[in-house]
Amino acid sequence: MPFAEHSAAPARPATAPADREALRRRIAELGPWFHNIEIGGVRTAPEHFLGDYPAVKWRKFADAIPADLAGKTVLDVGCNAGFYSIEMKRRGASRVLGLDTDPRYLAQARFAVEASGVEIEFRQGSVYDVGALGERFDIVLFMGVLYHLRHPLLALDLLREHVVGDLLVFQSMQRGSAETGAVAEDYDFWRDDPFADPSFPRLHFIERRYAGDPTNWWIPNRSCAEAMLRSAGFSIAAHPEAEVYLCRPHGPPAGEGAVYPPKGRPE
């Protein structure tokens, strides 16, 4: 099976630790952290270069997500240390599944969830294998993952084809022009002027590293992020924050759609 099962500790009321230093040591043992979460009064990444992240990002679009998620199922792809998973559960989601390829992030997420007193399921796995989940979710979070993928459009195709039931919450780092313009249905072979237009969709390739991270592969400009979502078969319902889009399935993807795997990974 492509996913490794990880059960979160049973939900229990969060309590302040008797030994703050022991808590700090445990957080340090699980580090380094990318999600700067407050656990028992201790920050997991107090020196984060983005500050109070991802809470500072969440505050910019939180009002765009329904405050009451009772009865809703949520899939958090690339859940990292579980910040967004916890926020979805706090809004009453009946089930939240966090998915990540990194066992260290999953260990951090289980620790954060236990301290938060909520119940969330975690599995180790890749966005490329979401077809093997065999179910659709009311809400799929795909936050800060696209630019870490060597095959980003394939990932969007697979999300659309296999797991997004009603709403995709998408976020990606963007670089280059923030301009958008009309995209023609077709372009003549001899025209090259569209490619000089700053508003033309561009996906910047990072051959080596960006911000010291070797997993930063592709960074879209705004026009490209929106074009890729449309191409994968989504309509953009809202754009509450510069990098965040709320999208709904809208017809089949352009062209052939997801070419691998068409029905999930074979047994």
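No experiment lies behind these values; they were computed from the predicted model shown.
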Quiz prompt | Exam field: side chain N216 to backbone Y210, donor-acceptor pair closer than 3.5 Å | solution = yes
Quiz item: Which salt bridge (Lys or Arg N to Asp or Glu O under 4.0 Å) pairs, counting each pair once, include a residue from residues 234-248, with sequence neighbours left out?
Solution: K57-E241, K57-E243, D166-R248
Quiz item: Less than 4.0 Å between a side-chain N and a carboxylate O, is that true for E21 and R25?
Solution: no
Exercise. Measure across A112 and I37 and return the closest heavy-atom pair with its distance rounded to 0.1 Å.
Key: CB-CD1, 4.3 Å
Quiz item: About how many Å separate CZ of R175 and CZ of R202, when rounded to the nearest 0.5 Å?
Solution: 16.0 Å
Quiz item: Do other residues, nucleotides or ligands put more than 12 heavy atoms under 6.0 Å from E29 CD?
Solution: yes
Exercise. May I ask you to decide if G125's main-chain N or O and D100's side chain share a donor-acceptor pair within less than 3.5 Å?
Key: no
Quiz item: Minimum heavy-atom separation for S94 to K89, with atom names?
Solution: O-NZ, 3.2 Å
Per-pair distances, 0.1 Å, donor-acceptor, side chain in residues 60-67, under 3.5 Å, sequence neighbours excluded:
none

Quiz item: Under a 4.5 Å side-chain heavy-atom rule over Ile, Leu, Val, Met, Phe, Trp and Tyr, are F142 and F34 clustered together?
Solution: no
Quiz item: Any sub-3.5 Å donor-acceptor pair from R43's side-chain atoms to P46's backbone N or O?
Solution: no
Quiz item: So, the side chain of R160 versus the backbone of G251: is there a donor-acceptor pair under 3.5 Å, distance only?
Solution: yes
Quiz prompt | Nearest atoms (heavy-atom pairs only) where P152 meets M228 | solution = CB-CE, 4.1 Å
Quiz item: Within the side chain of R110, is there an N or O that forms a donor-acceptor pair under 3.5 Å with the backbone of F122?
Solution: no
Quiz prompt | Inter-residue atom distance H162.NE2 - D157.CG, 0.5 Å rounding | solution = 9.5 Å
Practice problem: Establish whether V145 and I206 are linked, either directly or via other cluster members, by ILVMFWY side-chain heavy-atom contacts under 4.5 Å. | Solution: no
Quiz item: Is a donor on one side and an acceptor on the other found under 3.5 Å between the side chain of Q174 and the backbone of P220?
Solution: no
Quiz item: Any ion pair linking E121 and R123 (charged N to carboxylate O, less than 4.0 Å)?
Solution: yes
Quiz item: Do you see a donor-acceptor pair shorter than 3.5 Å between the side chains of S177 and N221?
Solution: no
Quiz prompt | Aromatic ring proximity, centroids under 6.0 angstrom, W218 and F205 | solution = yes
Quiz item: Mind checking whether Y245 and F234 have ring centres under 6.0 Å apart?
Solution: no
Quiz item: CD/E87 to CG/L141 distance, rounded to the nearest 0.5 angstrom?
Solution: 11.0 Å
Quiz item: Is D102 close to L106 at the side-chain level, that is, under 4.5 Å between some pair of heavy atoms?
Solution: no
Practice problem: Kindly check if the number of other-residue, nucleotide or ligand heavy atoms within 6.0 Å of NE2 (H250) is above 12? | Solution: no
Quiz prompt | Heavy-atom pair with the smallest gap, counting every atom of R222 and A178 | solution = CD-O, 3.3 Å
Practice problem: Determine the minimum heavy-atom distance between I86 and S116, stating which atoms define it. | Solution: CD1-OG, 3.7 Å
Quiz item: Would a line drawn from the ring center of Y105 to the ring center of H35 be shorter than 6.0 Å?
Solution: no
Exercise. Identify which one of V74, T73, D76 satisfies the side chain to side chain contact (heavy atoms under 4.5 Å, CB included) criterion when paired with I139.
Key: V74
Practice problem: Could you check if a side-chain atom of L75 sits within less than 4.5 angstrom of a side-chain atom of V96, using non-hydrogen atoms only? | Solution: no
